[in-house]
Each structure stands twice: as structure tokens, then as C-alpha cells.
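Here's the structure, in C-alpha cells; my notes come after.
The first residue of the sequence shown is numbered 1, and numbering continues consecutively from there.
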Amino acid sequence: MASSFSRSGMGFEFLTKKAYTPPSWASHLHPLPSHVFSLGHLPTPIHRWNLPNLPTNTELWIKRDDLSGMQLSGNKVRKLEFLMADAVAQGADSIITIGGIQSNHCRATAVAAKYLNLDCFLILRTSNLLVDRDPGLTGNLLVERLAGAHVHLISKEEYSKIGSVTLTNILKEKLIKEGRRPYVIPVGGSNSLGTWGYIEAVREIEQQIQRGADNTKFDDIVVACGSGGTIAGLSLGSSLSTLKANVHAFSVCDDPDYFHNFAQGLLDGLDAGVNSRDIVHIQNAKGLGYAMNTSEELNFVKDVAAATGVILDPVYSGKAAYAMVKDMLENPKKWEGRKILFVHTGGLLGLYDKVDQLASLVGNWQRMDVNESVPRQDGIGKMF
């Protein structure tokens with residue numbers, strides 16, 4: 001598995017650009033990336049995850065891509081390693097990308113751009129009521145604005161009528177007229193080049209299994225699906241590599257048909273020669289809609305954190321894990337005795353946008369009661 005791109009003994013390789021050699025089982029794909037930027041803290045850990053209410057003899061493990069580094073950038077950093085290398089190779093001086101007002105991808109891109117001394121321009125989708133107001137500093141917006149990103153707001157109505165491709169092109173043309181050299185990254189970093197982030201993640205999982213003491217073989221991989229690039233890379237990688245795990249994706253916005261078709265476009269862009277419906281099973285988990293949560297979903301996130309210490313985000317992994325557990329309760333035979341790897345794609349900062357909804361669920365606080373008989377003396381409790 002050795003290549004010119006290796007994570008072991010990284011030394012001072014963080015934030016360096018390196019030649020990329022694909023896994024042997026992916027070397028027939030086309031086009032192959034020539035370089036990759038080391039942006040992530042990889043490999044991310046895999047550990048047992050003892051969620052309550054699992055079916056009989058079901059073993060659940062979790063791949064902690066929420067710990068991928070770059071200011072909690074989750075799965076986005078893997079795609080950006082390839083996309084940023086391409087931007088730099090093309091001589092870009094700025095990056096344009098687009099997403100929702102609390103987009104993890106946009107925040108990850110803002111950080112990556114500054115790491116590489118590039119300007120970042122973000123187009124963020126918000127409600128008609130808020131499009132003319134300062135967007136504030138909650139969650140991802142705080143990081144983006146601290147990192148100096150240029151934020152352009154667009155209403156959801158305009159976004160749905162114009163589309164992300166045209167909107168990024170309008171901004172691109174404007175910047176080119178100003179003498180800039182912008183590089184456009186699509187929603188979620190999900191294009192055929194970004195897909196390599198999760199093809200490479202499969203090699204990482206393979207190596208972790210080989211190095212593990214018990215040689216655990218996963219039957220299933222479960223992941224949230226929000227823009228399509230992660231599931232395309234994971235499912236293609238799993239089918240080509242030694243993993244051969246069934247990939248189950250839970251879509252948190254558009255419906256499964258949309259994502260099958262979108263993933264197909266990414267696979268075709270790599271000359272993969274496979275049908276997306278043969279390599280990934282997609283179920284709907286969007287609930288009330290993208291980035292909207294029921295109290296049951298948020299209660300689940302709280303219960304998981306209280307039971308296991310793993311904090312799920314409300315937009316992606318929280319919905320995917322909620323839907324997975326619901327499916328396990330409704331169809332236990334489908335999951336019994338399986339070894340499952342759940343990929344946590346990050347997004348912790350999105351929880352800050354839900355504090356009002358969460359407040360009523362986490363009321364376990366009180367003032368400490370110290371009996372009057374305990375002696376008091378000024379200056380005894382030094383406040384350093």
C-alpha cells in the first residue's frame with residue numbers, strides 16, 4: 001500500500017503539497033489527481049460505539065471524521081485536500097464556494113484558504129427575512145468571519161430559482177473583472193475530484209483494519225448524505241477495495257433518487273463504469289427538512305452524548321444515526337449480528353444554531369449548596 005502519499009510518520013508534512021499515488025485498486029479511474037495538500041489530521045480514530053438499543057449481536061464502531069482537524073472540519077477536509085491542490089496548481093489567488101448559512105463546508109473552505117494564503121468568498125443561503133441583515137456570529141459564521149471570509153448572502157427563494165452553479169459563476173466573473181484569479185468549489189466540495197477524498201479514506205480504513213489486533217471485518221458502513229461526494233467516494237472505494245462493505249447512506253436533504261443520480265454523475269466523471277444503485281443504498285432521513293430538527297432528533301443527540309460521550313451534529317450525523325437506530329428497531333433482522341462502521345462526518349459548530357431548541361432538553365444544573373457550618377474566611381480560596 002506504500003505510495004508517495006503516506007500519513008505514517010508525517011513529521012513536518014502538514015500543509016505541504018505532495019505527489020499523489022492512488023490505491024492500486026483505484027488506479028484505473030480517470031482522471032487521477034496529481035497532487036494532494038496535507039490539510040487533515042489523519043488517520044482519524046475508529047473505536048467501538050456502544051449505542052443503546054442495538055439489535056442482538058450487532059457490533060457498532062465509529063470512524064471519527066469529526067476529529068479530522070482544521071477547526072472541526074469533519075468530512076470536508078478530505079475533499080479539500082484534493083480541491084485545494086488543484087486550485088494552487090491552477091494559480092488561483094482566491095476561492096469561491098457556496099452553501100447554507102451554517103455550512104460546515106463553507107467554514108472548512110474559509111480556513112483551508114487562509115492556511116494556503118488565499119482569499120475566500122462565500123455565498124451563503126439564508127431566509128428572505130434575514131438576507132439584508134448582518135448574519136451574526138453563531139457557530140460556523142464566527143469561524144468564517146474571524147478567518148476574514150467575504151460573505152455574500154442570498155435568499156433561499158433566489159437560490160432555488162438561480163441555482164448554485166450560476167450564482168458562483170456570477171461572483172467568479174465579477175472577481176475576474178477585478179483582476180482576480182478565482183477557483184470555484186461546488187456545494188459540499190462534491191465533484192469528481194472531491195470524491196477522491198473518500199476513495200482515499202477507504203484506503204485509510206483498510207490500513208487501520210490491517211494494523212488492528214483483531215482484524216475486524218465490517219459488513220456495513222453507515223454515513224449521512226448531504227451533497228453526495230462522500231457517499232460516492234465511500235461506496236466506490238468499498239466496492240473496489242478489500243473492504244467490500246455494504247454502504248448505507250441516510251440523506252438529510254434531497255431524496256434518494258436525486259442522490260443516486262448525482263452520485264452517478266460523479267462516478268461517470270471518474271470513468272468508474274459502475275451503477276450507483278449497485279454500490280450504495282440510500283434512505284431518506286431529512287425529517288422536517290435540511291438543517292431543521294424535531295425535538296425527538298435533538299433528544300436523540302443529547303441521549304447519545306450522555307450515553308457515549310460522542311457529540312453528533314444536528315444536520316448530518318445526528319439525523320443519520322437517528323434514522324439508523326430507528327431502522328434497527330423496525331427491522332432488527334436486517335442488522336442482527338452485523339459489524340457496522342458509522343462514519344461521523346463532523347459539524348459540531350452547527351449545534352450552536354440549535355441552542356434555543358436544546359435548552360429545554362438539558363436542564364441538569366443547580367446551585368451548589370454549602371452548609372452554613374462550613375467555615376468562611378476571606379482570601380482562602382485563591383482565584384489564580
Side-chain angles (χ1 to χ4, degrees), residues 7 33 36-46 49 61-85 97-100 102-112 139-140 143 185-205 208 221-238 243 245 247-254 259 262-263 266 280 282 285 290-291 310-321 324 341-351:
R7 296 285 180 186
V36 62
F37 245 109
S38 172
L39 296 171
H41 300 175
L42 306 173
T44 57
I46 292 176
W49 193 27
W61 301 69
I62 185 167
K63 171 87 169 148
R64 299 296 301 275
D65 272 11
D66 57 317
L67 304 179
S68 63
M70 223 174 65
Q71 275 60 293
L72 307 171
S73 290
N75 61 327
K76 315 304 180 189
V77 67
R78 292 188 186 273
K79 305 173 189 182
L80 287 168
E81 290 199 320
F82 291 91
L83 295 163
M84 287 301 194
T97 197
I98 186 166
Q102 281 294 333
S103 165
N104 299 308
H105 161 71
C106 287
R107 181 248 309 152
T109 304
V111 173
N140 289 304
V143 176
I185 294 177
V187 172
S190 291
N191 57 14
S192 292
L193 179 59
T195 300
W196 278 95
Y198 271 86
I199 296 172
E200 182 57 37
V202 168
R203 166 158 54 185
E204 183 177 300
I205 295 167
Q208 286 176 295
I221 294 173
V222 175
V223 69
C225 174
S227 61
T230 297
I231 66 160
L234 267 180
S235 54
L236 180 60
S238 183
L243 282 192
V247 178
H248 306 263
F250 287 94
S251 63
V252 301
C253 39
D254 292 282
F259 280 117
F262 186 84
L266 300 183
V280 59
I282 307 175
Y290 178 69
V310 173
I311 313 288
L312 297 169
D313 80 293
V315 181
Y316 298 99
S317 292
K319 282 193 176 183
M324 175 187 75
L341 179 65
F342 183 91
V343 180
H344 186 341
T345 52
L348 174 68
L349 294 174
L351 274 171

Closer than 3.5 angstrom, by distance alone: can the side chain of [X] be matched with the main-chain N or O of [Y] as a donor-acceptor pair?
X    : Y    : answer
E81  : V36  : no
S235 : I231 : yes
S251 : D254 : yes

Apply side-chain contact (heavy atoms from CB on, under 4.5 Å) to [X] and list each qualifying residue two or more places apart in sequence or on a separate chain.
X    : answer
L348 : L72, I311, L351
K79  : N75, L83, S190, S227, T230
V315 : Y290, A291, D313
A320 : A224, F250, F342

cation_pi(K63, Y198) dist<6.0 Å, angle<=45:
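No, K63 and Y198 do not form such a contact.
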Measuring from atom [atom1] of [X] to atom [atom2] of [Y], what distance do you get when rounded to the nearest 0.5 angstrom?
X    : Y    : atom1 : atom2 : result
L341 : W49  : CG    : CH2   : 10.5 Å
L349 : R107 : CG    : CZ    : 4.5 Å
H105 : T97  : NE2   : OG1   : 3.0 Å
W196 : N191 : CH2   : CG    : 13.0 Å
I98  : T109 : CD1   : OG1   : 12.0 Å
I46  : D65  : CD1   : CG    : 9.0 Å

Restricting to salt bridge (charged side-chain N to carboxylate O under 4.0 Å, His left out), what partner residues turn up for D66, sequence neighbours left out?
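Salt bridge (charged side-chain N to carboxylate O under 4.0 Å, His left out) check on D66 returns R64.
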Do S68 and T44 have side-chain N/O donor and acceptor atoms under 3.5 Å apart?
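No.
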Given side chain to side chain contact (heavy atoms under 4.5 Å, CB included), test L80 with I185 step by step and report yes or no.
CA-CA 9 Å; L80 287 168; I185 294 177; 3.8 Å; yes
Do you know which two heavy atoms are closest between [X] and [Y], and how far apart they sit?
X    : Y    : result
G233 : V202 : O-CG2, 4.2 Å
I62  : H344 : CD1-CB, 3.9 Å
A108 : K76  : CB-CB, 3.8 Å
Q208 : P43  : NE2-CB, 4.0 Å
A263 : A232 : CB-CB, 4.3 Å
V252 : G226 : CG2-CA, 4.0 Å

Taking side chain to side chain donor-acceptor pair (under 3.5 Å) as the test, write out the residues that go with S103, two or more places apart.
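S103 satisfies side chain to side chain donor-acceptor pair (under 3.5 Å) with no other residue.
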